[in-house]
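Computed from heavy atoms alone, side chains included, the values below leave out hydrogens, waters and symmetry copies. We count residues from 1, following the sequence as given.
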Amino acid sequence: DLKLQFLYFIEADNMRDEYDQLEDPDHHAVNTPAMNSITSLATSGASTASSVTFRKRDGAELPFSIPISGPGLVVMLADSDAGSLIVSAQSGKVWGYALVPLQFLMVAPLYMAQELTVRLGACTGKGLSKLIGIQFGSFWSSFISVLLVLICQAALISEYTAIIGVGEIVGIQKEVTVPLLSLFMFATVAAGTYQQVESGALALGCMEFVFFVTVIMVHPAPSTIVESIEGARWSDKDLQVLAAANIGAIMQPWMIFYQQSAIVDKGVRAGTAMKHSQRETIYGAWITQAVAASVMITAAGTVWDGASGSEKSAGFDTIPEISETLIPYLGVFGGKLLFCMGFLGSAAIGAVVVSLTAMWSVADLTGTENSLNSSLTEAPILYGTYAVLLIVSSVVCLRDINTLSLNVGIQVVNALFLPIVLTFIFLLSTSVDVLSSRHVLRGPRKVVYLLTFVLCSSMGIYCSLQGM
């Protein structure tokens, strides 16, 4: 007999894990602001439900649970951000179902990369930019941080354009949407703690699940999907560019930096809390890829007009156009209401995550306060960076830009930047100077991770260069 119990993990558990590590002679103890955060939250009695755990009647815990909150789920839902979904929709419209298998093939490397950030964040208490600086020098830390901030700025502009597109669908002009969006985002982050921002982001991200409804409404014939996949012309440069864009959309470099910094800011430490964060990550990887595949299948099953898998259709030009082309097939409910909900949720959670990633990176680089639990006066660099990101995004988006071409281009750049990031996290995760002997990546798993990262990086670079 089994019964479902809700297990609430309070931050005091993380503090207990910290003490366990200090007793481990192999552990490299690090005193961080995150530890102070743990103590503060634990003593105040703050708690958060992070997962649903199944137990037997005798109280024994079963070897699986369902996560319902945490950085792992936030970052994975943010992976299906507006830019990613635009690339998925474009892929479905132009090439049908040809790139659907790629979505699920990328689950493994996506999980591997994010799982390593959980280890590094929980075991060292430091963000990725700071760890790179400690192990490889300030030049590499500065180089990576500058590139990361630029990519995050471009991604934030992408999220803005998606929200503007949703506003236009319902009749709101961008001159109204942009300033309101910027004010709302700054007020939300500046006034809240990390836990509050995380909860809000998760609520927005769950709106992406409406795409599971649209794919059921489309219900394409399996034979059509198979024909499209088999007939794809992989020698076509346009298909190779979209393949690279999909890899960049799935393995977005800012996700890697975000999850490690979020693990630190939340105070997750090695032990029980780290294991649950890793579990969140694997569930999140499957969920985010299912969302992206659903968008691709929805577009392919409605507006792709290829007679066979080898036929290429024209792409979309604007986000409202995507919605308008879906209405004849899915009706106003599916083509407009559900579409707007899904894209709004994906863009909103993406905007939160990419902006936080840039904030934390700059704070790590400058050695200043980097916790969202700090006030504006305690962390001026942190919140000043956030304000600059929002202002630049607002200025750019008030001008006329090609939204869909911008989003595809951003994802291709992500694919080119990805190998650098994967190299650093692999080297850090395999170093005994960084992780204890208990947590360092080694043995057969090290080989599997290395081969997977090399293959994934090579695919992204090859497709990007071939398409140029």
Side-chain angles (χ1 to χ4, degrees), residues 72 75-81 83-92 94-117 208 211-212 215 220 222 224-236 238-253 255-256 278 281-301 304 309-310 408 411-412 414-419 421-422 425-426 444-445 447-467:
V75 76
M76 289 305 180
L77 287 175
D79 183 36
S80 296
D81 67 334
S84 175
L85 298 189
I86 287 172
V87 169
S88 294
Q90 193 81 334
S91 300
V94 177
W95 288 100
Y97 307 98
L99 293 171
V100 170
L102 180 62
Q103 305 303 312
F104 297 104
L105 288 174
M106 291 297 293
V107 168
L110 177 60
Y111 167 73
M112 291 177 185
Q114 298 300 134
E115 180 269 328
L116 291 183
T117 67
E208 297 175 18
F211 292 117
F212 294 148
V215 78
T224 303
I225 297 177
V226 173
E227 289 176 5
S228 175
I229 296 170
E230 291 179 345
R233 298 198 308 268
W234 286 100
S235 59
D236 192 295
D238 290 339
L239 178 57
Q240 292 173 356
V241 168
L242 275 178
N246 274 274
I247 293 174
I250 296 167
M251 299 279 291
Q252 306 198 64
M255 293 171 51
I256 295 171
Q278 291 171 321
T281 302
I282 185 61
Y283 287 126
W286 281 105
I287 291 171
T288 189
Q289 292 312 102
V291 170
S294 296
V295 173
M296 191 177 295
I297 292 171
T298 298
W304 174 57
S310 62
V408 173
Q411 307 309 335
V412 172
N414 282 342
L416 293 173
F417 182 43
L418 180 64
V421 180
L422 291 180
I425 64 169
F426 181 80
R445 177 173 288 190
V447 176
V448 171
Y449 275 48
L450 176 61
L451 293 177
T452 302
F453 289 165
V454 170
L455 178 62
C456 181
S457 299
S458 301
M459 286 177 57
I461 294 175
Y462 174 79
C463 291
S464 298
L465 297 180
Q466 285 293 106

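- Between atom CD1 of residue I250 and atom CG of residue N414 there is a gap of 11.5 Å, rounded to the nearest 0.5 Å.
- Listed for the Q252 side chain is a donor-acceptor partner under 3.5 Å among the backbone atoms of A249.
- A 4.5 Å side-chain heavy-atom check between V448 and M112 finds at least one atom pair inside the cut-off.
- Contact record, M251 with A113: CE-CB, 3.9 Å, taken as the closest heavy-atom pair.
- Atom OH of Y97 sits about 11.0 Å away from atom CD of E227, to the nearest 0.5 Å.
- Applying the side chain to side chain donor-acceptor pair (under 3.5 Å) test to S91 and every residue at least two apart in sequence or in another chain returns N246.
- For the atom pair CD (Q90) and CG (L85), the distance works out to 13.0 Å, reported to the nearest 0.5 Å.
- Between A98 and A232, the closest heavy-atom pair is CB-CB, 3.6 Å.
- Closest of all the heavy-atom pairs between I461 and P419 is CD1-CG, 3.6 Å.
- Put simply, the side chain of L99 reaches to within 4.5 Å of the side chain of L242, judged on heavy atoms.
- Nearest approach of S457 to L422, heavy atoms of both residues: OG-CD1, 3.5 Å.
- Using a 4.5 Å cut-off on side-chain heavy atoms (C-beta onward), S84 and D81 make contact.
- Checked against side-chain contact (heavy atoms from CB on, under 4.5 Å), A245 has the following partners two or more places apart in sequence or in another chain: V87, V408, Q411, V412.
- When the ring-ring contact (aromatic ring centres under 6.0 Å, His included) test is applied to F212, the partners found at least two apart in sequence or on another chain are F209.
- Here the shortest heavy-atom pairing between D238 and W95 reads C-NE1, 4.1 Å.
- Here Y449 pairs with E115 under the side chain to side chain donor-acceptor pair (under 3.5 Å) rule; sequence neighbours left out.
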| request: Begin with the C-alpha distance, continue with both residues' side-chain angles, and end with the deciding distance and a verdict on side chain to side chain contact (heavy atoms under 4.5 Å, CB included) for V100 and I225. | output: CA-CA 9 Å; V100 170; I225 297 177; 5.5 Å; no

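- Legend: residues meeting side-chain contact (heavy atoms from CB on, under 4.5 Å) with V447, ordered by chain and number and at least two apart, are L451.
- Residues passing the side-chain contact (heavy atoms from CB on, under 4.5 Å) test with T288 are M76, D79, S80, L110, sequence neighbours excluded.
- Residues Y111 and A285 share a closest heavy-atom pair of CB-CB, 4.4 Å.
- At distances below 3.5 Å, at least one donor-acceptor pair connects side-chain atoms of Q240 with backbone N or O atoms of W234.
- For T298, the side chain to side chain donor-acceptor pair (under 3.5 Å) test picks out T214, with sequence neighbours left out.
- Using modelled atom types, one side-chain atom of S294 and one backbone atom of A290 make a donor-acceptor pair closer than 3.5 Å.
- Not counting sequence neighbours, the partners of M459 by the side-chain contact (heavy atoms from CB on, under 4.5 Å) test are L102, I247, L455.
- With Q289 contributing its side chain and Q103 its backbone, the two residues share a donor-acceptor pair below 3.5 Å.
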